[in-house]
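Counting starts at 1 for both ligands and their atoms, following the listed order.
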Amino acid sequence: MSLNWMAEKLRPYEPSIFATIGRLALENKCVNFGQGFPDFDGPRMVKDAACAAISEGHNQYAPLAGTPQIRQALAEKYKQINLDYDADSQISIFNGATQAMYAALTAIVNPGDEVIVFEPTYDTYNPIIEMNGGIPVPVRLHPPSFHFELQELRSAFSPRTRAIIINTPHNPSSRVFTQHELSDIRDLCLEFNCIAITDEVYEYLVFHTEHISIASLEGMSERTIIISSSAKTFALTGWKIGYALAPVAATEAMRRLHQYIAFAVSTPLQLGIARGIERIDTLLPAMIQRLKRKRTLMCNQLEELGFNVLRPQGTFFILADISKLTKLDDISFVRKLIESEVRVATIPVSVFYRDTQTAPKNYIRFCFAKKTSTIEKGLQQLQKIKDL
Ligand code: PMP
Ligand code: GLN
């Protein structure tokens with residue numbers, strides 16, 4: 001008799017869209033605009049700091065909470081936006097924002113609790129909520145502008161609502177939530193006594209607009225868990241240094257879990273990122289300028305090809321409406337782009353919806369954090385769309 005290895009709780013979950021598209025891109029030798037990772041390197045100064053940490057012997061376990069250097073650097077950084085977090089009792093380092101989100105949701109969700117998520121929803125939230133016995137409650141961001149309707153958000157709240165996840169800048173829509181929207185969410189959090197968990201991994205990647213953390217709104221810092229990561233800020237996705245800033249009791253709960261799932265995060269990489277955070281003001285302008293150029297290049301060319309493009313306010317993704325180009329749905333179109341002569345990989349957006357029947361099926365996502373040569377090659381290959 002063969003063993004059935006996989007526990008029931010994991011069976012509903014397929015391999016992620018990013019892994020699937022990544023594999024297909026490789027097999028079909030595609031230009032890969034799929035998974036969100038830069039194909040250029042992060043700042044030399046940050047890499048040098050990590051290398052120096054290794055050479056100088058910082059190679060043993062870090063404290064559970066994270067190295068004092070990175071927690072202190074984060075505390076200073078948040079002071080600049082008038083948020084006061086104590087480095088010892090309110091800031092914790094995790095293996096990426098993904099693990100921080102796992103820790104935050106596991107720390108606060110009891111079976112039967114509802115957690116509101118905006119849809120399209122980044123792929124990790126719903127499985128983590130469900131694995132903790134919680135119930136995701138989706139609220140749609142409506143295309144083409146990907147704003148929510150306040151009335152729909154209000155009706156998603158109930159006495160069972162434990163938390164709301166706010167991902168801004170938002171992946172995959174690339175929208176940045178406005179002060180007005182965040183104030184509306186704040187009012188509902190206060191009215192229903194619920195927690196905000198933010199996913200701010202693209203906090204620095206904003207164009208012609210300002211990123212606001214809901215924690216900075218009056219009454220919210222005491223009910224918000226801020227999650228972010230150095231992955232996108234420094235174009236170092238492989239380092240997996242993420243963090244959470246939260247009230248003391250929430251921090252204690254997250255650390256209690258963390259001691260059993262990892263208990264420590266790479267010491268020298270934390271030290272490298274600490275240096276990056278200390279110097280972020282000098283590093284960032286050039287990085288943003290570079291991304292802005294790529295964003296413009298790619299948006300303009302995609303429009304010329306017949307895509308209807310939502311100009312990103314943040315992140316390094318472009319959402320492109322395919323309806324003028326094809327009658328196919330997003331998944332079939334993405335497959336066609338990969339397997340035909342075009343050989344370009346992108347991400348279909350309908351997979352980020354719970355109810356795939358009613359999900360919009362006319363959007364695909366391009367990652368533009370790529371070398372200019374990669375972008376140019378991909379755009380050239382996309383010319384072949386005309387022959388499909
Ligand atoms: N949240 C969002 C919205 C993301 O796009 C990503 C991908 N970087 C993550 C979380 C994961 O971040 P990390 O690599 O730090 O786990
Ligand atoms: N955050 C990345 C994206 O949206 C993917 C990370 C992953 O592969 N899970 O593309």
Chemist: For the 3.5 Å polar cut-off, considering only N or O atoms, please tell me whether Tyr122 and ligand 2 meet it.
Modeler: yes

Chemist: Throw together a table of side-chain donor-acceptor distances under 3.5 angstrom for residues 258-272, partners on residues two or more places apart or in other chains.
Modeler:
residue : atom : partner : partner atom : Å
His258  : NE2  : Gln99   : OE1          : 3.4
Gln259  : NE2  : Arg256  : O            : 3.2
Ser266  : OG   : Leu269  : N            : 3.4
Thr267  : OG1  : Gln60   : O            : 2.5
Thr267  : OG1  : Ala62   : N            : 3.2
Gln270  : OE1  : Thr67   : N            : 2.8
Gln270  : NE2  : Val265  : O            : 2.7

Chemist: Check whether the side chains of Thr374 and Asp39 place a donor and an acceptor atom closer than 3.5 Å, and report yes or no.
Modeler: yes

Chemist: If you measure from each heavy atom of Phe37 to ligand 2, is any distance below 4.0 Å?
Modeler: no

Chemist: Strictly distance-based, threshold 3.5 Å: is any side-chain N or O of Asp48 a donor or acceptor partner for the main-chain N or O of Ala52?
Modeler: no

Chemist: So which heavy atom in the protein is nearest atom 9 (N) of ligand 2, and how far is it from that ligand atom?
Modeler: Phe18 CD1, 3.5 Å

Chemist: Evaluate the ring planes of Tyr202 and Phe316, with Trp represented by its six-membered ring, and classify them as parallel (under 30°), tilted (30 to 60°) or perpendicular (over 60°).
Modeler: perpendicular

Chemist: Of all residues at least two apart in sequence or in a different chain, which pass the salt bridge (Lys or Arg N to Asp or Glu O under 4.0 Å) check with Arg335?
Modeler: Glu339

Chemist: Does Lys77 have any salt bridge (Lys or Arg N to Asp or Glu O under 4.0 Å) partners at least two apart in sequence or in another chain, and if so, which?
Modeler: Glu203

Chemist: Looking at Lys232, which atoms of ligand 2 are within less than 4.0 Å of one of its heavy atoms?
Modeler: 1 (N), 2 (C)

Chemist: Would you mind listing each N/O atom of ligand 1 next to any protein N/O under 3.5 Å, plus the distance?
Modeler:
residue  : atom   : partner : partner atom : Å
ligand 1 : 1 (N)  : Asp199  : OD1          : 3.4
ligand 1 : 1 (N)  : Asp199  : OD2          : 2.5
ligand 1 : 5 (O)  : Asn171  : ND2          : 2.8
ligand 1 : 5 (O)  : Tyr202  : OH           : 2.6
ligand 1 : 8 (N)  : Lys232  : NZ           : 2.7
ligand 1 : 14 (O) : Lys240  : NZ           : 3.2
ligand 1 : 15 (O) : Ala97   : N            : 2.8
ligand 1 : 15 (O) : Ser229  : OG           : 2.6
ligand 1 : 16 (O) : Ala97   : N            : 3.1
ligand 1 : 16 (O) : Thr98   : N            : 3.0
ligand 1 : 16 (O) : Thr98   : OG1          : 2.6
ligand 1 : 16 (O) : Lys240  : NZ           : 2.6

Chemist: Counting distance only, does the side-chain N/O of Gln381 pair as donor-acceptor with the main-chain N or O of Arg343 below 3.5 Å?
Modeler: yes

Chemist: To the nearest 0.1 Å, how far is atom 8 (O) of ligand 2 from its closest protein heavy atom, and which atom is that?
Modeler: Gln35 NE2, 2.6 Å

Chemist: Measuring only between side-chain heavy atoms, which start at C-beta, is Thr233 closer than 4.5 Å to Ile280?
Modeler: yes

Chemist: With heavy-atom distances below 4.5 Å as the criterion, would you say the side chains of Glu200 and His211 are in contact?
Modeler: yes

Chemist: Using a 4.0 Å cut-off to any heavy atom of Phe317, which atoms of ligand 2 qualify?
Modeler: 3 (C), 4 (O), 10 (O)

Chemist: Is any N or O atom of Gly36, backbone or side chain, closer than 3.5 Å to an N or O atom of ligand 2?
Modeler: yes

Chemist: Does an N or O anywhere in Asn171 fall below 3.5 Å from an N or O of ligand 2?
Modeler: yes

Chemist: If the plane angle is over 60° it's perpendicular, under 30° parallel, otherwise tilted; pick one for Phe157 and Phe192.
Modeler: tilted

